[in-house]
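Structure record follows, encoded as structure tokens.
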Amino acid sequence: MLASIYKKLLEEYDYQGWWPVLNNYHPRDYNTPNNINEVFEVCVGAILTQNTNWNNVMKALSNLVNAGFLSPEKIKDCNIRTLKKLITPAGYYNQKAGYLKNFTEFFIKKIGTPTREELLNIKGVGKETADSILLYAYKVPTFVVDAYTKRMLESLGVIKGSEDYDVVKDLIEKELPKDYKLFQEFHALIVEHAKHYYSKKPYGVNDFLNTGFLK
DNA sequence: TTCCAGGCAATAC
DNA sequence: GTATTGCATGGA
């Protein structure tokens, strides 16, 4: 079921090349992020994009880059007010500035790939952000369940919609090869698809996935 | 003008 | 244990 959804979405939208680094998507390149700076950038983006559209996140990331602040050392040492100002376009900047400080402190100490547990212990990193960081920054095959994913799967009748995050995550992972490349593409494709069909109510109207092949 | 976005933590029930 | 609420900008 989920494999056929993935296949259909891939046919429709092609490879997405997530996670964007320096504003660039990179379809079929699964080596990105290539270095520690890019890894850090993906993590920062994952925190900034919480309940916020990517366009606003790009503005915040650009501000950080232009100010020379997109590095662990800078974010760790900078004045919190300065940080808030730079990330203002991403919204919730009072909270997110603190979240970035918390994450950066962890990032500087941590050697190698963090565990999900470690990430979840950081104030400001919840399940989706932790999984985004693992999947897109560290290439760990863990699936990212977002609001779009649940919305789409509910509309398609795959889930009820009231399931907990980890239940949906396990359900998806169970039915697919545990491959970080596939997980990256599938999540990105779901977001792309959902922007078309699951952003406005009523959800799922004219979704080509919902017109017969699943039923 | 209203609605929404690639959630999270704190609080209330 | 589950449901609500506050957080905020910028684009459609």
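If you're wondering where the values come from, they're calculated on a predicted model, not measured in any experiment. In what follows, chains carry the letters A, B, and so on, assigned in the order in which the sequence lines appear, proteins first and then strands, with residues in each chain numbered from 1.
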Return yes if some donor-acceptor pair links the side-chain N/O of Asn31(A) with the main-chain N/O of Asn34(A) below 3.5 Å, else return no. no
Using atom C1' in both nucleotides, what's the gap between dA8(C) and dC3(B) to the nearest angstrom? 14 Å
Is there a donor-acceptor pair closer than 3.5 Å between any side-chain N or O of Gln184(A) and the backbone N or O of Leu135(A)? yes
Decide whether Tyr136(A) and His187(A) meet the rule of one side-chain donor and one side-chain acceptor closer than 3.5 Å. yes
Just jot down the side-chain hydrogen bond (donor to acceptor under 3.5 Å, both in side chains) partners of Lys110(A), sequence neighbours excluded, or say none. Glu118(A)
Side chain to side chain contact (heavy atoms under 4.5 Å, CB included) with Leu10(A): which residues, sequence neighbours excluded? Tyr6(A), Tyr15(A), Leu189(A)
Over all strands shown, is Leu135(A) touching base, sugar-phosphate only, or nothing at heavy-atom distances under 4.0 angstrom? nothing
Within the 4.0 Å heavy-atom criterion, would you say Val144(A) contacts the bases, only the backbone, or no part of the nucleic acid? nothing
dG10(C) and dA9(B): how far apart are their P atoms, nearest whole angstrom? 24 Å
What contact category does Asn55(A) fall into here, base, sugar-phosphate, or nothing, at under 4.0 angstrom with non-hydrogen atoms? sugar-phosphate
So Val205(A) and Tyr197(A), do their side chains get closer than 4.5 Å, heavy atoms only? no
First and last nucleotide of DNA chain B, 5' to 3', lying under 4.0 Å from heavy atoms of chain A: dC4(B) to dA10(B)
Kindly indicate whether the side chain of Pro20(A), heavy atoms from C-beta on, has any atom under 4.5 Å from the side chain of Met58(A). no
Is the NZ or CZ atom of Lys74(A) positioned over Phe69(A)'s six-membered ring, under 6.0 angstrom from the centre and within 45° of the axis? yes
Where along residues 87-97 of chain A does a heavy atom fall under 4.0 Å from DNA chain C? Thr88(A), Pro89(A), Gly91(A), Tyr92(A), Tyr93(A), Asn94(A), Gln95(A)
DNA chain B contacts among residues 127-134 of chain A, heavy-atom distance under 4.0 Å: Lys127(A), Glu128(A), Thr129(A)
Protein-nucleotides 1-4 of chain C N/O pairs under 3.5 Å:
none

Nearest-0.5 Å distance that lies between atom CG in Asp131(A) and atom CZ in Arg116(A): 4.0 Å
Return the value, rounded to whole Å, for the distance between atom NZ of Lys59(A) and atom C1' of dG11(C). 9 Å
Gap in Å between the two P atoms, one belonging to dG6(C) and one to dG6(B), rounded: 23 Å
What I'd like to find out is whether the side chain of Cys43(A) reaches to under 4.5 Å of the side chain of Tyr138(A), using heavy atoms alone. yes
With side chains defined as the heavy atoms from C-beta onward, is the minimum distance between Asp207(A) and Leu156(A) less than 4.5 Å? yes
Given side chains that start at C-beta, do those of Leu134(A) and Lys139(A) come closer than 4.5 Å, heavy atoms only? no
Under the side-chain hydrogen bond (donor to acceptor under 3.5 Å, both in side chains) rule, collect the residues that match up with Asn51(A), sequence neighbours excluded. Tyr92(A)
Please output the side-chain donor-acceptor pairs of residues 170-177 of chain A that fall under 3.5 Å, not counting sequence neighbours, one pair per line with the distance.
unit_1    : atom_1 : unit_2    : atom_2 : d
Glu173(A) : OE1    : Lys178(A) : NZ     : 3.2
Glu173(A) : OE2    : Phe143(A) : N      : 2.8
Glu173(A) : OE2    : Lys169(A) : NZ     : 2.6

Separation of Asn51(A) atom CG from dG10(C) atom P, in whole Å? 16 Å
Within residues 10-46 of chain A, find the residues that approach DNA chain C with a heavy atom at under 4.0 Å, and present them sorted by residue number. none
Using a 3.5 Å distance criterion without hydrogens, assess whether the side chain of Lys59(A) forms a donor-acceptor pair with backbone atoms of Ile87(A). no
In chain order, what residues pass the side chain to side chain contact (heavy atoms under 4.5 Å, CB included) check against Ala46(A), with sequence neighbours excluded? Trp19(A), Thr129(A), Ser132(A), Ile133(A)
Spacing of Leu48(A) atom CG relative to dG10(C) atom P, expressed in whole Å: 13 Å
What I want to check is whether the side chains of Thr52(A) and Lys96(A) have a donor and an acceptor closer together than 3.5 Å. yes
Any residue in residues 186-206 of chain A with a heavy atom nearer than 4.0 angstrom to DNA chain C? Just list them by number, or reply none. none
List for me each residue that meets side-chain hydrogen bond (donor to acceptor under 3.5 Å, both in side chains) alongside Ser71(A), sequence neighbours excluded, and say none if there are none. none
Check whether Tyr198(A) forms a cation-pi arrangement with Arg151(A) (NZ or CZ under 6.0 Å from the six-membered ring centre, at most 45° off the ring normal). no
